Student: 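I am attaching a structure below and will ask some questions about it afterwards.
Only a predicted model underlies this, so the values are computations on that prediction, with no experimental measurement involved. Start at 1 with the first residue, then count along the sequence.
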Amino acid sequence: RCASSSSSSSSWVEEAGTQPVSQETLAGIPWYGRSTLTGLFQRVAANGPRDPSVWRKLVARADVIAHSLTSKQAALVLSALARAQHRNESFLRRFSVKFVPSLVESAELVDLCGIISSLSQLDAYCEEAFDLAVERLAASAPQMDLKQLSLVANAFVRAGHADAELFRALLKQVPRRLARSTGKDVAVLLNALAQLPGASSPSAGRPLPRSDRPRGVEPSELDPALEAVALRLPEVLPSADLHTLALVLNAFAQLNFTQKDALDLLSEELLCDEGRFQRMTPRQLAMVLNAAARLQLYEPRLMDALVQMIRVKARSLDTQGLCVVANASAKLQFGVETFQVLYAQVPRHLSRLSGRQLAMLCHAWAKAHVHNDDLFALLALPLAQRAGG
């Protein structure tokens, strides 16, 4: 009987950990203290319910007791909001301006990284908080693991708070933190490095550094970190999934990192599992093609495999994906047959094409030297409408 009771209790705990939070529990929100409320934020973010009214109640209670939250509790509340993508601008503005600066000064490193990362994901930028965090994070960089280095770099880039000394402190730690990294860790890190101001060519949509803040890093300053990553690739790529491989290749393209051994290894890993390659999503196909074009990666087997994937996945491409694939195909000098496959998809996307996307398609066919009167007749009216607008 005792064993049965214990088993039932364990089952109940497991169920409570995966099921949406009950209405009875949610009814107590207006009276919960800081510890209970923090735990409830995490549970609702993980398991639901996905009800905006529940989040409004949670935020309203957090607003009342915000003055008493510890840095760890603040990090948990903010991470839950970021995970649920719930942005209450008035609460975030008050909390980030009134309470976060003092929390940043006293937070443990793991909580400080969490607070800064969550604020950036929630677009809740507070210059004072980020300024205070810079000094602590730069000094604490030797204690960070690879995930924390990536989180912090991404957070400051996303917020547009560029600080060259912090970025250099983070970069300095990369070679010594790679030993236990996985393929996913490497992919996340590389994409964080690719976003650093000055690390790669300007990208549309990237936040500009605020005011007269120190501006990023020189591309050459990334070389030690990138060379260390390249040495780590033979250990981590064999167990990496297709999405990780695509992210690594994309980051190398953004960083203009053209080390032959690294690119040869990536090409080999992409092709080594034919079944996995065939399961490539349209988005991954666009990402790999765009990266291969930017890196001028003309490995024959990879090119043949990508041409075949375009034939298979063309109908599943979204509007932006079609434009990216067309331009990459032109740069990679794919033949007329590939552009015939892509042209067949254009009518479906015609009503959704922006002016920029129309220009991308025209440029792709022109660069590929593929003459198609039907395409330009098809695009003539939308082009005239966009130009007139």
Side-chain angles (χ1 to χ4, degrees), residues 187 190-191 194-195 199-207 241-258 263 266-267 270-271 276-299 301-370 372 374-376 378-379 382-383 386:
L190 285 172
N191 278 273
Q195 303 308 311
S200 57
S201 57
S203 173
R206 179 179 300 169
D241 60 22
L242 188 59
H243 189 61
T244 295
L245 295 173
L247 286 174
V248 171
L249 189 64
N250 183 63
F252 280 163
Q254 290 181 277
L255 292 161
N256 196 29
F257 184 70
T258 57
L263 297 183
L266 270 169
S267 298
L270 280 167
L271 295 170
R276 180 182 66 181
F277 193 84
Q278 293 296 321
R279 293 191 296 273
M280 183 181 291
T281 66
R283 184 178 180 182
Q284 289 167 344
L285 174 61
M287 190 185 302
V288 170
L289 276 165
N290 187 51
R294 293 179 65 173
L295 291 165
Q296 299 181 18
L297 192 59
Y298 298 116
E299 202 281 323
R301 288 177 57 234
L302 179 61
M303 296 299 98
D304 290 344
L306 290 172
V307 167
Q308 178 60 31
M309 286 303 295
I310 291 174
R311 297 190 186 118
V312 173
K313 301 291 184 179
R315 187 166 179 78
S316 302
L317 292 167
D318 62 18
T319 304
Q320 180 65 15
L322 176 64
C323 297
V324 170
V325 168
N327 273 271
S329 297
K331 292 177 183 175
L332 293 168
Q333 303 174 10
F334 290 168
V336 174
E337 295 81 2
T338 296
F339 281 86
Q340 288 174 338
V341 170
L342 294 173
Y343 167 69
Q345 314 309 317
V346 174
R348 297 190 301 110
H349 297 277
L350 198 60
S351 63
R352 296 187 294 272
L353 288 166
S354 67
R356 182 172 184 271
Q357 290 168 334
L358 286 165
M360 288 176 70
L361 289 179
C362 291
H363 178 266
W365 261 260
K367 185 174 182 64
H369 302 292
V370 175
N372 188 324
D374 293 338
L375 173 71
F376 291 108
L378 192 65
L379 299 183
L383 281 167
R386 301 297 188 277

Student: Is the backbone of H363 close enough, under 3.5 Å, to the side chain of N327 for a donor and an acceptor to pair up by distance?
Tutor: no

Student: Could you walk me through whether L379 and V346 pass the side-chain contact (heavy atoms from CB on, under 4.5 Å) test, one step at a time?
Tutor: CA-CA 9 Å; L379 299 183; V346 174; 4.2 Å; yes

Student: With sequence neighbours excluded, tell me which residues meet side-chain hydrogen bond (donor to acceptor under 3.5 Å, both in side chains) with Q308.
Tutor: R311

Student: Can you tell me how far the CG atom of L249 sits from the CG atom of L302, to the nearest 0.5 Å?
Tutor: 8.0 Å

Student: Identify the two heavy atoms, one from L297 and one from M303, that lie closest to each other, and give their separation to 0.1 Å.
Tutor: O-CE, 2.9 Å

Student: Got L190 and F257 here, is their nearest side-chain heavy-atom distance under 4.5 Å?
Tutor: no

Student: With side chains defined as the heavy atoms from C-beta onward, is the minimum distance between R283 and Q320 less than 4.5 Å?
Tutor: no

Student: As a quick check of understanding, evaluate side-chain contact (heavy atoms from CB on, under 4.5 Å) for L353 and C323, giving each step before the final call.
Tutor: CA-CA 9 Å; L353 288 166; C323 297; 4.1 Å; yes

Student: So do the side chains of L322 and R348 get within less than 4.5 Å of each other, counting heavy atoms only?
Tutor: no

Student: Any idea how F339 and W365 line up, ring-wise: parallel (<30°), tilted (30 to 60°), or perpendicular (>60°)?
Tutor: perpendicular

Student: Tell me the closest heavy-atom pair linking E299 and R301, and the distance in Å.
Tutor: OE1-N, 3.1 Å

Student: Heavy-atom distance under 4.5 Å between the side chains of Q345 and L317, does that happen here?
Tutor: no

Student: Taking all heavy atoms of A194 and all of A251, pick out the closest pair and write down the distance.
Tutor: CB-O, 4.4 Å

Student: Taking K313 for the side chain and L285 for the main chain, is one N or O donor matched with an acceptor at less than 3.5 Å?
Tutor: no

Student: Working to the nearest 0.5 angstrom, can you tell me the gap between L306 CG and F277 CZ?
Tutor: 4.5 Å

Student: Shortest non-hydrogen contact from L332 to A293?
Tutor: CD2-CA, 3.8 Å

Student: Are any non-hydrogen side-chain atoms of P282 and V325 less than 4.5 angstrom apart?
Tutor: no

Student: Which is it for R294 and N290 under the side-chain contact (heavy atoms from CB on, under 4.5 Å) test, yes or no, and what are the steps along the way?
Tutor: CA-CA 6 Å; R294 293 179 65 173; N290 187 51; 3.9 Å; yes

Student: Looking at every heavy atom in both L242 and R279, which two are closest together, and how far apart are they?
Tutor: CD2-C, 4.5 Å

Student: Provide the closest heavy-atom pair for L295 versus T258 in the form atom of the first, atom of the second, distance.
Tutor: CD2-CG2, 4.0 Å

Student: Within a reach of under 6.0 Å around NE2 of H243, are more than 12 heavy atoms found that belong to other residues, nucleotides or ligands?
Tutor: no

Student: Can you find a pair of side-chain heavy atoms, one from M287 and one from L247, that are under 4.5 Å apart?
Tutor: yes

Student: Could you give the distance from CG (L245) to CG (N250), rounded to the nearest 0.5 Å?
Tutor: 12.5 Å

Student: Is I310 close to S329 at the side-chain level, that is, under 4.5 Å between some pair of heavy atoms?
Tutor: yes

Student: Rounded to the nearest 0.5 Å, what separates atom CG in L350 from atom CG in L378?
Tutor: 5.0 Å

